[in-house]
Amino acid sequence: MSVPQFYPWQVETAREWLGAQQRERFAHAWLIHGLAGIGKVEFARAAAAALLCESPQGGLACGVCSACTWYGSGNHPDFRRIRPEAVALAEGVLEDALDGDMEEPAEAGKAASKRAPSKEIRIEQIRSVESWVNTGTHRGGLRVVVLYPAETLNTISANGLLKVLEEPPPHTVFLLVSDAPDRLLPTLVSRCRRLPLATPPANVALPWLEARGVKDAAAQLAAVGGAPVAAARRIEADLPVRADWLDTLAQALARGQAPDTGALVDTLDKVPAPEWIDALQRWCTDLALLQAGAPVRYFPSLAEPLARVAARASRHAVADMARWLTRQRMIATHPLNAKLFAHDAMLRVTAACLKAA
Ligand SMILES: [Zn+2]
C-alpha cells in the first residue's frame, strides 16, 4: 500500500507549508479549513505521512522509508486519527476493499452494534489520545493526530481537547480539519495555527475530473460549488449531478404546485442533512441570481424550471429562506428529528416559492 498523496491542487501549498519549517519547530496544532469536498482530510493524511517520513523529499513523504511503509500499510504506531464512529463506519465500507485501517475499526463496529454510531467525537476518544500522547513515541520522531471533522467535537470533547492543547505534549502534531471553523470553540481555535486551503480553480479541477473519465465535468463541478473531490465522490457513488429530489421540487414549484412533501421527506431522510441543506442553499442562490437578472451558477440544468420559480417567488421570501438555511446549517449535524426537520424545510421552501412576488 502506498502513502496517501496530495491532490494536484494541494502540492504547492503542502510543499510551502511542510518544506519551509523544521520538524522540531513545527507548530503543535493546526486547523486546516476550507470548502467541503476539496480534499482537506486527504491533505491532512498526506501531511501526516510527510511529518512521519524519515527522509522527506522537499517536505513530502518519500514513500519508501520504513515510516512510509508502516504508514502505507496502516500500521504506523505514531499516527492516530480521530473521527466520529459514524464517519469511521462510512469510511470502512469504502476502505475495507482498498486498504487497512489505522486503528480499531473492530471497536467502532462493536460499539455500533450496541447503539447507533455516534455522529460526534466523544470524550472517550480524546481521553484515549491523551494517554497515548503522554507516552514516548515509538519511532523517536513526531507523533501525528488527524482529527476530523472538528465541528463534530461536542462541548465536552472540545474542552477535553483544549486541555490537551493547553499543555502541548512533546513531539506531537495535531491536525484538525474543518469545513466550518466558525462553529468551533473559539478558545480551541485560538490554540491552533490556521491553514486555509483554497478551492482549486476550474482550470485545475476540470482536467482532474476529466482524467478520471468524468463526463459533463463542468456541470458536475458547478453543482457542488467547485469542490472536485465532492464531485468525484458523487460520481463514484453513482449519484446524479443534482439530486433527483431537487428536480422534483423545481418541476412542481415551476408549475405553481406544492410538491409531494411526504415523498421528498422520505428521500431527504436518506441523505445527510448538511448535504441537502447545502444543495438547497445553492438552489436559493440560483433563485436569487435569476431574480437579479443574472444566470444561474450551480444548477444550469435546472435553469428553465428555476426561472419560472424565480418569477413567481417573492425576493423577500427567498432571502428569508436562504437565511433560515444558513442558521440550520450550523446545527445540521445533529438535528433532533431528521424527518421533522426535512418536513419543516420542504414546507418553508414551498411557502417561499409559491408566495406571490
Ligand atoms: Zn518516507
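Along the sequence shown, residues are numbered consecutively beginning with 1. Just follow the structure's listing: the first ligand is 1, and inside any ligand the first atom is 1.
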Protein N/O/S atoms closer than 2.8 Å to the Zn ion (ligand 1), ordered by chain and number, come to Cys53 SG, Cys62 SG, Cys65 SG, Cys68 SG

- State yes or no: are the ring centers of Phe43 and Trp9 separated by less than 6.0 Å? no

Review point. Does the gap between the ring centers of Tyr7 and Trp208 come in under 6.0 Å?
Key: yes

Residues at least two apart in sequence or cross-chain that pass side chain to side chain contact (heavy atoms under 4.5 Å, CB included) with Gln57, listed by chain then number, are Ser55, Cys62

Would Arg80 pass as a cation-pi partner of Trp132, given that its NZ or CZ must be under 6.0 Å from the six-membered ring centre and within 45 degrees of the axis?
yes

With sequence neighbours left out, the residues meeting salt bridge (Lys or Arg N to Asp or Glu O under 4.0 Å) with Glu210 are none

For residues 284-295, the salt bridge (charged side-chain N to carboxylate O under 4.0 Å, His left out) pairs (sequence neighbours left out) are none

